[in-house]
2 protein chains.
Amino acid sequence: MFTIKDIAKEAGVSTATVSRVLNNKKVRKDSQENVEAAIKKLDYRPNVIAQGLIGKTSRAIGVMITSMTNSYYMEITETIEKRVIEQGAMMFLCSTKGDHLLEKEYLYNLMARRVDGIIIIDPSSENHDNGVFKNVAQKIPMVFVHSYSGYHGFNIVSVDQYLGMRKVMDYLWSEGHRDIAFLRGANGFSYDIKEKCWRDFLKEKGAVPLEENLVVIADGNSEAAIPLVRDACSNLLKKDRRPSAIFACNDLMASAVISAAGMNGVKVPDELTVIGHDNTVQSQYSYPPLSTVDLKLKSLGNTAMDLLAHAMNPEDPEPRKVLLEPDLIIRASSSSNK
Amino acid sequence: MFTIKDIAKEAGVSTATVSRVLNNKKVRKDSQENVEAAIKKLDYRPNVIAQGLIGKTSRAIGVMITSMTNSYYMEITETIEKRVIEQGAMMFLCSTKGDHLLEKEYLYNLMARRVDGIIIIDPSSENHDNGVFKNVAQKIPMVFVHSYSGYHGFNIVSVDQYLGMRKVMDYLWSEGHRDIAFLRGANGFSYDIKEKCWRDFLKEKGAVPLEENLVVIADGNSEAAIPLVRDACSNLLKKDRRPSAIFACNDLMASAVISAAGMNGVKVPDELTVIGHDNTVQSQYSYPPLSTVDLKLKSLGNTAMDLLAHAMNPEDPEPRKVLLEPDLIIRASSSSNK
DNA sequence: TTGTATGCGTTATCAG
DNA sequence: CTGATAACGCATACAA
C-alpha cells in the first residue's frame, strides 16, 4: 500500500504539503492539484493507525453488549453505529455474555487501542463495585446505557423503568385484572426495579394474599431462557387459581408466554393477557402483536452518543444523567377482564 | 497513560528490554522481575495502535453484515467474535443495510485501518462486478460468507442451498403436498437459487399448471418485510385453491406466515404446513416451532475464520471454496397432507 | 506557501 | 544479555 511519501514523490512536493492537502489546509493551487492527482492515481488512503498514533483521536469507539442475538441490544447498537459512521469513525463490538471478567478484558483491550470512547450497555455490577469502570472512565470517555441510574460519577442514560412498570400495573388494574403474574430473569437491576414496583402496587391496592407462586424465576434474557419460561408458565397455567394477566420483563419472555399459552390451549388475549417489555421489533411482529413497554431504544442509542460527545469535551467533563420516560403500548395481546 | 519509556525508567532498564519482556524474549532474571514489577505498579498496557503501526498485524478484523437486527447475521457474527477474542483481537462490525456504496465506504475504511482480515457476509453483487472486492482482496485477506459459490478468485464459504431446497421439496412431496407456495424476498442470489430448485422440482414432477400466483414477492429480509408478508399471505390464503404448504426463504418470513395463518383462522400445521429456512434461534422458539433448513450458522462462522487464517498465510494464498451441506429439520409447523 | 525535522509508542537491528 | 537507534506513517512546529 502507498504512503504519504509515495504521494509526495509523485506530486513533486514534500510530505508536509501532502498532509496539508489531506487536512484541508492552505496550499498553492497547483500543489493542491498535483497532490490530488497523485492521490487519485495511486488510489492512496491515509493510514488511520498512523494518524491515531499521533494522539488526537483514533476515530474508533467501543460498544459493549451482553448478547448479539438479543434484538434489545442490537437495536440500540444499530442506532449508535449510524451516528458513528456519520463521523467517519468505526465501531468495535464486544459481547460479554454477562461475564464480568470478559467485560474487564474487553475494556482494557479497548483502552490499549486508544478508542475515543466506550459505551457499555448493561454494565456488570462487579466491575462497578471493584472500581474497574471508575479506572477506565478516568482515561477514556465512557457512557452507561443502564436500567439503573443510581451510580454516581458516570455518564448514564437510562429509562425510568419503575414508571414504566407503574403504567403497566395501572393499566391492568383499571382493566379489571387482579391476579397479575410477574415473570423475571434471575439477575439484574431492571428485574429488581420492576418487581419492586409490582409488589408496591399490589400492597398499595391491598391485593391480599400476594401469591408468591406468581413469581416465576427464569434465567437470563437470552433465547436459552425460552424453554424454561415455557415450562414455568405451563405449570402456572395449570394451577387452580390461574392469573388473568402475565407481565414478562422482556419481549422474548413474553413471546414464550404466548407459546406456553398456545401449548396449553389458553387463548391470548381472551383468556390471558400478556404484556411484554422493551418494544423490540419482535413484539411488533409477533402474533398476536405484543402489548409492551416502549423502552425508546433508538432514543437510548442517540442519547448515549450525545453523552459521549459531551464526555469528550474537555471543557466540561462533569458526568451527566439522562432519564427517559417509557410509554405503554397497547396491542392485541391484552384485553379487559371486566 | 503510561508508555514503555515510563516503565523503562521505573525499572532502570532500556525500552528495548521492556519490549523484550513484553514479547517473552530472553532477558536476565532480575531485569525481568524489575520490569514486571514496574508494569504492575503503573498498570501499564502496551499501545496496540503503536504496535499496529510497526506493520506486522493490527490484531483487528472487520466483519460486514447487512443488518444487525437479523439473527441470521448475528449468529454467524457471534461465532466469529468468539474466535476473534481467542486470538486477543477485536472486531469492527459494519452493517451496510444492503447499500453497496456504504459497503464500499466501509471496505476502504477497514483497509485504511490495516485490519488483518475482512469477512463479508452476503457481499453485494455490485462491488463484485465493479472490481472493488478484487481490489481490496489483493491487499487484505478477505472471505465471503455467501449463498452463491460461483465467484472465482475469492475465499468463499457457502451452503449448498439448492440441495437444501431439494430436501424440502422431497419431504413435502413425499408427505402428499402438491400445492406448494414459495415465498421469497425481492433481490438476492439465495432467493434465486431456491426458486430455481422449486421450479425445477415442480416441472420434474409434472405438477401442472405451475400456479404463478403462489409466488409471493415481498421485500428484503428485515423485519420491515413482515407486514408485507402478512398481507400477501392473507390474500393467498383466501383464494379458492389454497396451498397446503408454504415455504418461506427465511425464518423471519416463515414466522410472518404463521401469524397470517392465525389471523385468518388457518391452523398450523393441521390446515397449513409452514417451512422456514436458516434455523435461526427464533425458529426453534417460535410457536409452533418451525420446520426449517439448518444453514449451520455456527459452522459458517467457524469456517469463515478458518479460511481467513488460511488467507493470511503467505505461503499458500490460493483461494479456497468450502461448500457446506444443509439439513432439513422437522419440527411442529409441518404435517402430512395424505 | 513550503520543506525540514521531530515526535507519537512500539519493535527490530545492530553494536557493545 | 543489553542499550542506543532507526524505522513504521503521519502531523506539526519551526525555519526558510
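What's counted below: heavy atoms across the whole structure, side chains too, no hydrogens, waters or symmetry copies. Just so it is clear, the model here is predicted, and its values are computed rather than measured.
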- Item | Distance in Å, B/Lys82 NZ paired with B/Glu86 CD, rounded so as to fall on 0.5 Å steps | 8.5 Å

- Message: Check this one for me: any side-chain N or O of A/Thr3 less than 4.0 Å away from OP1 or OP2 of D/dG9?
- Response: no

- Among C/dT10, D/dC1, C/dG3, which nucleotide sits nearest the side chain of B/Ile4? C/dT10

- Between B/Leu53 (CG) and C/dG7 (C1'), how many Å, whole number? 12 Å

- Task: Describe the nucleic acid contact of B/Lys29 in one word from base, sugar-phosphate, nothing, applying a heavy-atom distance below 4.0 Å.
- Result: nothing

- Starting from P on D/dA11, measure out to CZ on A/Arg59 and report it in whole angstrom. 9 Å

- For the rings on A/Phe133 and A/Tyr151, is their centre-to-centre separation under 6.0 Å? no

- Message: Once you apply a heavy-atom cut-off of 4.0 Å, does A/Ser19 come out as touching a base, just sugar-phosphate, or nothing?
- Response: base

- Query: Would you say A/Asn47 reaches D/dC8's phosphate, i.e. side-chain N/O to OP1/OP2 under 4.0 Å?
  - Reply: no

- Task: Figure out the CG/C1' separation between B/Leu22 and C/dA12, and round it to whole Å.
- Result: 14 Å

- Spell out, as yes or no, whether a donor-acceptor pair under 3.5 Å connects the side chain of A/Asn130 to the backbone of A/Val132. yes

- Query: Taking atom P of C/dG9 as reference, at what distance in whole Å does atom CZ of A/Arg113 sit?
  - Reply: 17 Å

- Message: Measure CZ/A/Arg28 against P/C/dT2 and give the value in whole Å, please.
- Response: 4 Å

- Query: Can you tell me if the side-chain N/O atoms of B/Arg20 get under 4.0 Å from OP1 or OP2 in D/dC1?
  - Reply: no

- Does the pair B/Asp30/B/Arg28 count as a salt bridge with the N-to-O cut at 4.0 Å? yes

- Message: Just N and O in the side chain of B/Thr15: are any of them under 4.0 Å from OP1 or OP2 of D/dA4?
- Response: no

- Task: Using a 4.0 Å heavy-atom cut-off across all strands, classify A/Val18 as base, sugar-phosphate, or nothing.
- Result: nothing

- Task: Just compare C/dT10, D/dA4, C/dT4 and give me whichever is closest to any side-chain atom of B/Ala16.
- Result: D/dA4

- Report the nucleotide, chosen from D/dG3, C/dC8, C/dT11, that has the shortest atom-to-atom distance to any side-chain atom of B/Ile54. C/dT11

- Query: Is B/Phe2 touching bases, backbone alone, or none of the nucleic acid, heavy atoms closer than 4.0 Å?
  - Reply: nothing

- N/O (side chain, A/Lys25) to phosphate O (OP1/OP2, D/dT12) under 4.0 Å: yes

- Query: Are the side chain of B/Glu103 and the backbone of B/Ser124 linked by a donor-acceptor contact shorter than 3.5 Å?
  - Reply: yes

- Message: If I take atom CG in residue A/Asn24 and atom P in nucleotide D/dA11, what distance separates them, rounded to the nearest angstrom?
- Response: 11 Å

- With a distance cut-off below 6.0 Å to the six-membered ring centre and an angular limit of 45° from the axis, does A/Lys321 pair with A/Phe154 as a cation-pi contact? no

- Rounded to the Å, how far apart are A/Asp6 CG and D/dG9 C1'? 11 Å

- Rounded off to whole Å, could you give me the NZ-to-C1' distance for the A/Lys26 and C/dG3 pair? 19 Å

- Has B/Thr17 got a side-chain N or O lying under 4.0 Å from the OP1 or OP2 atom of D/dG3? yes

- Task: Please state whether the phosphate of D/dG9, meaning OP1 or OP2, lies under 4.0 angstrom from any side-chain nitrogen or oxygen of A/Gln51.
- Result: no

